[in-house]
S.K.: 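The structure's right below; bear with me while I get my questions together.
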Protein chains: 2
Amino acid sequence: MAGHGARNRSGGRPTLEEVAARAGVGRGTVSRVINGSPRVSDATRAAVEAAVAELGYVPNTAARALAANRTDAIALVVPEPETRFFAEPYFSDMLRGVGAELSDTEMQLLLIFAGNDRERQRLAEYLAAHRVDGVLLVSVHADDPLPDLLAQLEIPAVISGPRSAAETLTSVDSDNYGGARSAVEHLLSRGRGRVAHITGRLDVYGAQRRIDGYRAALRDAGHAPDEGLIEAGDFTEEGGSRAMAKLLARRPDLDAVFAASDVTAAGARQALREAGRRIPEDVALVGYDDSAIARHMEPPLTSVRQPIQEMGRTMIDLLLNEIADRRPSASRGLERRQVVLATELVARASS
Amino acid sequence: MAGHGARNRSGGRPTLEEVAARAGVGRGTVSRVINGSPRVSDATRAAVEAAVAELGYVPNTAARALAANRTDAIALVVPEPETRFFAEPYFSDMLRGVGAELSDTEMQLLLIFAGNDRERQRLAEYLAAHRVDGVLLVSVHADDPLPDLLAQLEIPAVISGPRSAAETLTSVDSDNYGGARSAVEHLLSRGRGRVAHITGRLDVYGAQRRIDGYRAALRDAGHAPDEGLIEAGDFTEEGGSRAMAKLLARRPDLDAVFAASDVTAAGARQALREAGRRIPEDVALVGYDDSAIARHMEPPLTSVRQPIQEMGRTMIDLLLNEIADRRPSASRGLERRQVVLATELVARASS
DNA sequence: AGGTACTGTGGGAGCGCTCCCACAGGTGAT
DNA sequence: ATCACCTGTGGGAGCGCTCCCACAGTACCT
């Protein structure tokens, strides 16, 4: 059991000093053992470890943070209201990946919502106080000032979904371009010739990349560019439904739709139903994200899966590296790293 | 703007000492201003505040934690896998209430999952290191050792859903007894005479209280006790379905069912359908929780609503009090506080 | 006039660590 | 033997706060 060591006047937790006395060594040596330094003899190490166990010693985090100027904590910042966080499986998958990668670390993960101005203000103060060693940023809009604040405070950060091709932060993303391509190629291979695209929010870089992939797939298959088959959506169900209605009015002969998200596809499905089109007989439908909604749709939705958990793990890897690299002076941000992970098409009955 | 004060050798963040020098006062006075002590003259306070603003001073959390022996952080511990956390609206509501109550505080909220042994081990170490000032415990099973660990470490804690009538921790709960009563009284007032009950997990105190409320309502209405109308469930859909089938076999004449949760009611509904009973014509159905599932059921489910967000807020209140009370020596746990919040019946088409 | 009691203030003494310099003792080349 | 250079170790000097004691100044009693 733990909890002897009632040495200090208040019977509080044992300190390094007490462990040192117990093991018959100096304070520095105990510190070395605790922190896994190799410059300790085996015999000494064993003695210290015994003392630690006997006293039930646990390092004082605050003291360590003060002396070493680090917090051993990183924040996962979600610039969305909590409701969206719980509604979208994206976040829980991300959290799972991050948590898994962090579990053999001493690092503590903080989950911080910054969905409204008040929460953002709090976050700014939090970051200014340097209460975390690094930040993970997910789902950031193009005009968000957060990345700049982070850069100004010189806090290591990794972003999921770069804001543009010229993203200055280290970033992790899935292959939106390739994912879109594979979706369209899949539809073409099924014999569809008039493939429409309902886009995501146009101020989101990933949505742009999906448009690029859509265009490239058609071009490479020898189709002439046809902007009339593209309609802007906004990642919502209603937007998808609206866009689909417009497309049907403009191109009643379309036989396939690639939607920029599963939710968008759900909206499109609704509009297709109302127009009396059958899925997939009349119009094939492909979504993006492979979320729960895709599996439960009627008919089940073909979708592009992103390796979200792996993205989370990768983000942590990169962030821990940045934190470790944050050395006195010398090189800063020489190599900005942009990792892109492959997607996978999951074919179901809708195409 | 922030960020002058490049006094220290490394150009780092300004310290208390520097603010004091700038304002022409002593260190102690600045500390008093920062911490809102009343024993500072208005003139001095103004001077210090000006210096703070000019230098962009932000207190160093680690130093404060070390000197004051507190962390200004509390943990919301969820002894469930993350999947359940995201699946059940209970947790997001709770989180919202907690977050709201905490937003005008300096306190930082940590979300900690302890769904498997490994996570539990980590949590134990975390608590042993006293990295939080207090703990919020939600959804704890009767045999969970966590509350005892907390007590042993003398960490203030508040539990939602006491483990028994003799709960030793400060607790917040909704009125399970009253909620069950109101559900049954509602059914009786609708002219139903043979009201069955599908219980929750019997090792959950709240489920027992709901059974008590069910019995009391029937007794007070002059009905003779009839244990044959009670069947054990386990809060799951499958359990509800199974229990309902047993009840129908045993008491084909029942005309109403009070289920211990909405999910249980969903299972019961399934079994009723399969037996060819109409809801509510043949059998009226009432659930518990008023979750999303209740609103979306066909027909919409009458249910007992718990004020979950308010429970979250109340838990924070109590916890902050406990933390503040944790004074040197003197009184400890003299008054254990058990708060019970009222529920509300939401009548819909199923009854 | 002296006492008592406040208010407001300065600054010493830690809090429990990490960092780093100093140094003992060993080992091998000169 | 002397020197150079390792490995392992002890402990001083902080890190930036809070706590608390001391004390000046003022106010109000006797």
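Within every chain, numbering begins at 1; the chains are lettered A, B, ... in the order of the sequence lines, protein sequences first and strands thereafter. Computed from a predicted structure; not experimentally measured.
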S.K.: Please figure out whether B:Gly28 or B:Ala67 has its closest DNA chain C nucleotide nearer the 5' end.
M.R.: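 Whichever sits nearer the 5' end wins; that is B:Gly28.
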
S.K.: Please report, rounded to the nearest Å, how far the P atom of C:dT18 is from the CD1 atom of A:Ile34.
M.R.: 8 Å

S.K.: Could you name each residue pair satisfying ring-ring contact (aromatic ring centres under 6.0 Å, His included) that touches residues 104-160 of chain B, not counting sequence neighbours?
M.R.: B:Phe85-B:Phe113

S.K.: Which donor-acceptor pairs under 3.5 Å do side chains of residues 309-321 of chain A form with protein atoms, sequence neighbours excluded?
M.R.:
{"from": "A:Thr314", "atom 1": "OG1", "to": "A:Glu310", "atom 2": "O", "distance (Å)": "2.7"}

S.K.: I need the CZ-P distance between B:Arg131 and C:dC17, as an integer number of Å.
M.R.: 13 Å

S.K.: What nucleotide, of D:dC19, D:dC17, C:dC17, holds the atom closest to the side chain of B:Tyr57?
M.R.: D:dC17

S.K.: Under 4.0 Å: is that the gap between some side-chain N or O of A:Ser31 and OP1 or OP2 of C:dT18?
M.R.: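 For C:dT18, OP1/OP2 do have a side-chain N/O of A:Ser31 under 4.0 Å.
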
S.K.: Distance check needed: C:dT9 C1' versus B:Arg45 CZ, whole Å only.
M.R.: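 B:Arg45 atom CZ is separated from C:dT9 atom C1' by 13 Å.
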
S.K.: Taking N or O atoms only and anything under 3.5 Å, show me the protein contacts with nucleotides 4-8 of chain C, one pair per line.
M.R.:
{"from": "C:dT7", "atom 1": "OP2", "to": "B:Arg39", "atom 2": "NH2", "distance (Å)": "2.7"}

S.K.: Please report, rounded to the nearest Å, how far the P atom of D:dG16 is from the CG atom of B:Asn60.
M.R.: 7 Å

S.K.: Does a side-chain N or O of A:Thr29 approach OP1 or OP2 of D:dG10 to a distance below 4.0 Å, or not?
M.R.: yes

S.K.: So what does B:Arg27 hit on the nucleic acid, given a heavy-atom distance under 4.0 Å: a base, only sugar-phosphate, or nothing?
M.R.: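 The residue B:Arg27 makes base contact.
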
S.K.: Let me know the distance between CG of A:Leu16 and C1' of C:dC19, rounded to the nearest Å.
M.R.: 13 Å

S.K.: Mind running salt bridge (charged side-chain N to carboxylate O under 4.0 Å, His left out) on B:Asp144 and B:Arg120 for me, showing each step along the way?
M.R.: CA-CA 11 Å; B:Asp144 198 307; B:Arg120 298 202 140 237; 2.8 Å; yes

S.K.: Does a donor on one side chain sit under 3.5 Å from an acceptor on the other, for A:Thr170 and A:Gln338?
M.R.: no

S.K.: Got a second to check how far A:Asn116's CG is from B:Ser103's OG, nearest 0.5 Å?
M.R.: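 Going from CG on A:Asn116 over to OG on B:Ser103, the span is 9.0 Å.
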
S.K.: Once you round it to whole Å, what is the distance between C1' of D:dG16 and CZ of B:Arg70?
M.R.: 14 Å

S.K.: Rounded off to whole Å, could you give me the CG-to-P distance for the A:Leu66 and C:dC19 pair?
M.R.: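 The distance from CG of A:Leu66 to P of C:dC19 comes to 12 Å, rounded to the nearest Å.
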
S.K.: Supply the atom-to-atom distance B:Glu119 CD to B:Glu80 CD, rounded to the nearest 0.5 angstrom.
M.R.: 11.0 Å

S.K.: Side chain of B:Arg163, backbone of B:Asp143: donor and acceptor closer than 3.5 Å?
M.R.: no

S.K.: What integer distance in Å separates B:Asn35:CG from D:dC17:P?
M.R.: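 Going from B:Asn35 (CG) to D:dC17 (P), I get 10 Å.
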
